[in-house]
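Worksheet for the structure shown next.
In this chain, residues are counted from 1 in sequence order. All values reported here derive from a predicted model rather than from experimental measurement.
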Amino acid sequence: MANAVIMPKAGITVESCIIGEWVKKVGDTVNVGDVLFTYETDKASFECESTAAGTLLDIFFEEGDEVPCLTNVCAVGNPGEDTSALRGGSAADAPAEAPAAAPAAAAAPAATPAACATKARGVLMPKAGITVESCIIGEWLKKVGDQVKVGDVLFTYETDKASFECESTEEGELLAIFYEEGDEVPCLENVCAVGPHGEPTDCLKGIGGTPAAEATAEAAAPAAEAAATPATGGVETVIMPKAGITVESCLIGEWLKKVGDQIKIGDVLFTYETDKASFECESTAEGELLEILYNEGDEVPCLEAVCKIGVKGAAAAAPAGNAGAAVSPRAKKLAATAGVDATMATGTGPNGRIIERDVRELMANPPAQAAAPAVAAEAPAAAPAAAPAAAPAASEAEYKDVKFSGIRRAISKSMTTSLHTMAQLTHNTSFDATNILNYRKALKAAGGEYAGITLGDIILYAVSRTLLNHPDLNANMLDDNSIRLFNHVNLGVAVDTPRGLMVPTIFHADEMSLLEISKAVKALAAECRDGAISPDKLSGGSFTVSNLGNMGVESFTPVINPPQTGILGVCGTIDRVRKGADGSIELYPAMGLSLTYDHRAVDGTPAAKFQKELGFNLENFTVLLSK
């Protein structure tokens with residue numbers, strides 16, 4: 001019997017959702033937990049996972065359609081089964097004794113067993129990847145009794161590769177937490193309960209997508225195996241993983257496999273990156289790598305097909321001119337903006353689907369241009385007119401268009417936001433660097449692990465101690481009317497990497513020794529340059545230091561890293577003249593400090609006092625060390 005998968009109810013007040021993109025197509029073999037399609041409300045985007053196993057028999061709604069919650073969206077079952085009775089139906093239409101009703105209801109994040117008489121709803125542990133079976137809870141950001149809205153971050157969680165944030169799919173009071181920090185939780189299991197105050201929650205504990213899913217999977221296993229048998233001569237696509245709730249696209253780093261290679265499930269196909277970290281994409285299909293749809297450096301929308309794997313010769317080329325062919329939402333939007341007919345593009349997406357890349361190709365090579373060679377062949381007299389075609393080649397050689405990397409886009413967005421939302425002002429001062437230069441020489445001469453301590457490390461140490469006396473600079477702006485003052489100094493350090501600027505955080509730097517700070521900053525910088533740093537280490541800073549002194553910069557205007565209220569720029573050392581104690585003229589090494597601060601939170605005089613105290617501490621650094 002065919003089973004329906006319903007549109008989840010992504011919140012108490014949500015009545016309908018819009019389908020974003022179908023990840024599966026009719027005829028595909030589906031397992032319980034497979035992502036069928038993405039959908040969105042007015043607040044957040046989600047993935048709908050299948051609650052049934054078998055073949056995707058019918059799709060009742062298309063991309064862009066608005067679908068009432070708990071309405072049947074598609075049908076999954078055995079090939080040839082009739083699905084007409086399910087079209088237009090909903091979870092409410094199913095009789096109480098119908099076996100299919102339980103798995104269908106589990107599709108909604110608000111799923112509650114029939115025996116559980118409560119208005120509370122469970123929030124599931126997300127499935128952060130096709131091969132991920134469980135995740136570990138990192139930190140709870142909400143506590144029992146807090147009021148929660150749809151989209152609020154409830155807790156952080158991590159897999160063996162990355163960390164994420166879990167956003168609430170329900171609205172109300174956080175009534176119960178079923179798992180604590182550090183617990184490993186099966187994907188699609190209820191993690192907590194949200195609902196009206198006083199509602200019972202015991203019946204939600206230990207359930208979710210998993211128990212019903214396993215029962216459905218076992219019942220449908222023979223049908224799934226039968227459906228999979230003919231697929232040995234077919235083609236499967238591997239999609240770009242969604243490496244975080246807020247991640248919309250990823251950049252392909254390096255292809256580790258090439259067309260023609262034999263692939264097994266779990267083989268690493270390529271590396272990809274977001275604006276914060278790099279990952280490896282493992283194959284979810286087995287066979288020959290038939291086609292690569294995106295190249296190294298391409299930006300690929302999450303859940304978009306990246307390559308095709310299967311039996312050689314099984315892949316059918318997409319027809320040229322797909323009148324009526326499926327067009328992705330991104331492709332539709334681009335085509336409407338550019339004023340072109342998307343159906344004239346050659347689809348290279350799954351099942352010949354027209355995607356954004358195809359529309360761009362259509363814009364670059366419209367059909368009229370493609371027909372030009374044939375016309376020229378019929379009219380030999382017009383051949384000389386083709387000579388000027390060499391001109392564009394010369395102009396193309398004059399420049400090269402390069403797409404921003406993921407991290408470059410993040411930097412661009414962050415810097416623009418910073419300058420547009422803050423009242424930034426910069427003070428430039430200097431101090432006598434004689435003391436720290438001599439101290440650095442002494443450390444180097446002493447050898448051992450202390451020999452690796454740099455001038456930058458010395459400045460970081462002094463900043464971590466000085467900031468404690470200036471809380472408005474060791475802070476984050478929460479909004480225009482409130483500020484978060486930190487009890488410890490979480491020091492951000494700007495690091496230049498081949499992929500762009502990254503700012504890892506030294507947490508509780510004020511409690512660390514000079515040597516500990518030196519080791520920490522070197523370790524963080526290495527992780528940044530290797531592209532292996534955890535996203536957790538790239539956030540949470542209370543103040544940032546950017547050092548351009550070794551580049552000979554005498555002064556500059558560093559841009560604040562939101563939501564921090566200040567950033568210190570460290571400049572190079574230059575010789576300056578001053579009058580000595582005996583009235584003689586003497587040279588001394590002056591090091592520049594450029595402090596940019598958010599004038600909404602910090603006034604000019606307090607900012608100047610911080611710089612003055614920092615300069616004094618650096619000029620008397622050995623005294624500072626003894627405190």
Side-chain angles (χ1 to χ4, degrees), residues 5-21 23 33 35-51 66-71 73 90-91 103-113 116 118-129 132 135 137-138 140-144 146-157 164-179 185-197 199 201 203-213 242 244-248 302-303:
V5 176
I6 64 173
M7 174 60 75
K9 187 171 176 64
I12 296 174
T13 61
V14 178
E15 299 300 327
S16 62
C17 302
I18 296 175
I19 292 180
E21 180 178 5
V23 180
V35 177
L36 296 174
F37 59 90
T38 63
Y39 64 98
E40 57 187 47
T41 67
D42 58 336
K43 296 181 179 179
S45 296
F46 307 93
E47 295 176 346
C48 180
E49 299 177 348
S50 180
T51 54
E66 183 172 0
V67 183
C69 293
L70 308 183
T71 297
V73 182
S90 67
T112 307
C116 187
T118 179
K119 294 180 180 179
R121 295 293 181 262
V123 176
L124 305 177
M125 173 60 76
K127 190 171 175 67
V132 178
C135 302
I137 293 181
W140 277 97
L141 305 178
K142 298 288 185 180
K143 62 182 183 296
V144 172
D146 284 353
Q147 289 298 312
V148 175
K149 294 181 179 179
V150 174
D152 284 356
V153 177
L154 296 175
F155 59 90
T156 63
Y157 64 99
F164 308 94
E165 295 178 342
C166 179
E167 299 179 354
S168 179
T169 54
E170 303 297 328
E171 186 165 350
E173 180 182 325
L174 181 53
L175 301 171
I177 290 176
F178 302 140
Y179 291 94
V185 185
C187 294
L188 309 182
E189 182 95 7
N190 285 341
V191 183
C192 60
V194 176
H197 179 73
E199 285 293 318
T201 62
C203 57
L204 296 175
K205 189 173 182 178
I207 68 167
T210 305
K242 189 171 176 67
I245 295 174
T246 61
V247 178
E248 298 300 327
C302 294
L303 310 183

Considering only heavy atoms from C-beta outward, does the side chain of [X] approach that of [Y] to under 4.5 Å?
| X | Y | value |
| --- | --- | --- |
| C69 | P8 | no |
| L154 | V123 | yes |
| V191 | L124 | no |
| C48 | V5 | yes |
| E199 | L175 | yes |

Start with the C-alpha gap between E173 and V148, add the side-chain angles, then the distance that decides, and say whether side-chain contact (heavy atoms from CB on, under 4.5 Å) holds. CA-CA 6 Å; E173 180 182 325; V148 175; over 6 Å; no
Where do [X] and [Y] come nearest, in terms of heavy atoms and distance?
| X | Y | result |
| --- | --- | --- |
| M7 | P68 | CB-O, 3.7 Å |
| Q147 | D152 | O-OD2, 4.3 Å |
| C187 | P126 | SG-O, 3.6 Å |
| Y179 | I137 | CB-CD1, 3.6 Å |
| A193 | T201 | CB-CG2, 3.7 Å |
| E170 | S168 | O-OG, 2.7 Å |

What residues form a side chain to side chain donor-acceptor pair (under 3.5 Å) with E47, not counting sequence neighbours? none
What residues, two or more places apart in sequence or in another chain, satisfy side chain to side chain donor-acceptor pair (under 3.5 Å) together with E66?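 Partners of E66 under the side chain to side chain donor-acceptor pair (under 3.5 Å) test: S16.
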Using side-chain contact (heavy atoms from CB on, under 4.5 Å), reason through M125 and Y157 one step at a time and then give a plain yes or no. CA-CA 9 Å; M125 173 60 76; Y157 64 99; 4.0 Å; yes
Separation of L174 CG from K142 NZ (nearest 0.5 Å): 9.0 Å
Rounded distance (nearest 0.5 Å) linking atom CD of E167 with atom NZ of K149: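 One gets 14.5 Å once the value is rounded to the nearest 0.5 Å.
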Which residues pass the side chain to side chain contact (heavy atoms under 4.5 Å, CB included) test with V144, sequence neighbours left out? I177
Could you give me the CA-CA distance, side-chain angles and deciding distance for K143 and D146, then say whether salt bridge (charged side-chain N to carboxylate O under 4.0 Å, His left out) is met? CA-CA 6 Å; K143 62 182 183 296; D146 284 353; 3.3 Å; yes
